Amino acid sequence: LGWTWWGALAGGFLVFSTMFSFVAIPLAGLALSSATWSCCAVVVSFLWGALGPRPEVGQAMNSEALSIIALIILVVGVLIINLSPRISARVCGPPSTDPEQELTTPVSQTEYVRSEENPGASLVQQTPKASNKVLGLVSALCTGLFGGSILVPAGYVREGLAGLPLLPSFGA
């Protein structure tokens, strides 16, 4: 086992990735956040692998065309997930105002606040702000950016510290 700053940098990427995930989930919801950061991490990892600054990091692709098609499919899938409320409103019509329907609304999309007219009353439901959702999605993108870059510093570690010996510096 040994120590290297490259391992500490990789550990720092893990910490920032985790931190931004904790910011993203309450603001944009678990489904949107995880889909967004997963897609971003795959794209960032792909770009590091395909265009990396060193031969150890960047590798040749077997099929550039299929790689690009796969990335496009991935990004389109995440866009569909993130735009699903709008898509369902266009396909199925506006959402129901039935009180029974509200019971199926995900908790992450519901916010409860004290009424300004009657502060002593119980909490009332409030729709989350669009700016919070955007901030949550930006945080999810940061999660993916750091998460997709975690293994890049390992490409710069000298041979004796690669793999398992890298763990102490990764965890520091």
Side-chain angles (χ1 to χ4, degrees), residues 1-88 106-111 127-172:
L1 300 176
W3 169 264
T4 174
W5 283 105
W6 292 114
L9 179 62
F13 287 167
L14 176 68
V15 168
F16 279 108
S17 177
T18 304
M19 178 192 72
F20 280 111
S21 73
F22 281 102
V23 173
I25 292 171
L27 295 175
L30 178 61
L32 297 181
S33 297
S34 62
T36 302
W37 77 54
S38 297
C39 176
C40 182
V42 169
V43 170
V44 168
S45 294
F46 169 80
L47 291 175
W48 277 116
L51 308 172
R54 292 184 50 182
E56 299 87 25
V57 178
Q59 300 293 318
M61 289 181 268
N62 289 337
S63 172
E64 290 182 23
L66 286 177
S67 297
I68 291 170
I69 290 171
L71 288 175
I72 290 170
I73 290 170
L74 178 69
V75 171
V76 168
V78 170
L79 287 174
I80 289 171
I81 290 170
N82 286 342
L83 297 174
S84 62
R86 291 183 185 161
I87 294 169
S88 72
V107 174
S108 65
Q109 296 179 3
T110 307
E111 185 176 327
T127 307
K129 297 177 185 173
S131 61
N132 285 350
K133 186 174 177 181
V134 169
L135 185 59
L137 291 175
V138 168
S139 295
L141 288 172
C142 290
T143 298
L145 176 65
F146 284 110
S149 301
I150 288 173
L151 293 179
V152 172
Y156 294 92
V157 174
R158 61 183 160 88
E159 188 148 337
L161 290 176
L164 188 60
L166 184 69
L167 281 179
S169 52
F170 183 81

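Every value quoted in this text rests on a predicted model; they were computed, and no experiment measured them.
Residues Ile87 and Ile80 share a closest heavy-atom pair of CD1-O, 4.0 Å.
Side-chain N or O atoms of Ser45 include none that pairs as donor or acceptor with a backbone N or O of Val42 at under 3.5 Å. No side-chain donor-acceptor contact under 3.5 Å links Ser33 to the backbone of Ala140. Judged purely by atom type and a 3.5 angstrom limit, Ser84 uses its side chain to pair as donor or acceptor with the backbone of Ile81. Counting only distance, with no hydrogens or angles, the side chain of Ser63 and the backbone of Leu66 share a donor-acceptor pair below 3.5 Å.
Side-chain contact between Lys133 and Leu32: present, with at least one pair of heavy atoms (C-beta onward) separated by less than 4.5 Å. No side-chain heavy atom of Thr143 sits less than 4.5 Å from a side-chain heavy atom of Cys40. Inter-residue side-chain proximity for Phe16 and Cys142 is flagged as unmet; no heavy-atom pair is nearer than 4.5 Å.
The distance from atom CG of Asn62 to atom OG of Ser67, rounded to the nearest 0.5 Å, is 8.0 Å. Atoms CG and CD1, on Leu74 and Ile69 in that order, are 13.5 Å from each other to the nearest 0.5 Å. The line from CG of Leu27 to CG of Leu135 is 5.0 Å long, rounded to the nearest 0.5 Å. Atom-to-atom distance recorded for Leu14:CG and Ser149:OG is 12.0 Å, nearest 0.5 angstrom. Here the straight-line distance linking atom CG of Leu71 with atom SG of Cys39 works out to 8.0 Å at 0.5 Å rounding.
Taking a 6.0 Å sphere around CZ of Phe46, one finds it holds more than 12 heavy atoms contributed by other residues, nucleotides or ligands. More than 12 heavy atoms of other residues, nucleotides or ligands lie within 6.0 Å of CG in Leu83, so this atom counts as buried by the packing criterion.
Using cut-offs of 30° and 60° on the angle between ring planes, the pair Phe13 and Phe146 is tilted.
Checked by atom type, the side-chain pair Trp37/Ser21 shows no donor-acceptor distance below 3.5 Å.
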